[in-house]
Amino acid sequence: MSLSGRERRILAEIERALERDDPELAKRVAAINRIEAGGDLPPQPYGDRLRMWALAHVWVLFWVAALVIVLLLLAVLTT
């Protein structure tokens with residue numbers, strides 16, 4: 001949804017007043033606006049490492065479960 005020229009001017013005045021009154025809040029609002037606009041995502045400190053760790057452990061659990069099923073099937077068939 002686009003804003004009219006008048007609405008943009010009013011919003012700019014509000015943002016300038018916010019920057020004067022509370023610069024820390026203005027920085028947080030600007031960061032939120034950048035994120036919502038689709039750019040400048042905050043970094044995830046352990047994002048890639050955590051994803052790889054979880055993926056490896058999911059595969060280990062999958063193979064352990066498959067091994068248990070095969071062993072149980074083998075036990076049932078041999079008795």
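Quick caveat, the model's predicted, so the values are computed rather than measured.
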- prompt: With clusters built from Ile, Leu, Val, Met, Phe, Trp and Tyr whose side-chain heavy atoms come within less than 4.5 Å, directly or transitively, what are the remaining members of the cluster of L73, listed by chain and number?
  reply: L77

- line: One should read off an interatomic distance between I10 CD1 and R6 CZ, to the nearest 0.5 angstrom, of 4.0 Å

Atom pair CG/CE of L50 and M52 - distance to nearest 0.5 Å: 11.5 Å

- prompt: With clusters built from Ile, Leu, Val, Met, Phe, Trp and Tyr whose side-chain heavy atoms come within less than 4.5 Å, directly or transitively, what are the remaining members of the cluster of V29, listed by chain and number?
  reply: L18, L25

field: Remaining members of the apolar cluster that contains L71, side-chain heavy atoms under 4.5 Å
entry: L67

query: Should L55 and F62 be regarded as members of a common hydrophobic cluster, given that ILVMFWY residues are connected when their side-chain heavy atoms come within less than 4.5 Å of each other, either directly or indirectly?
result: yes

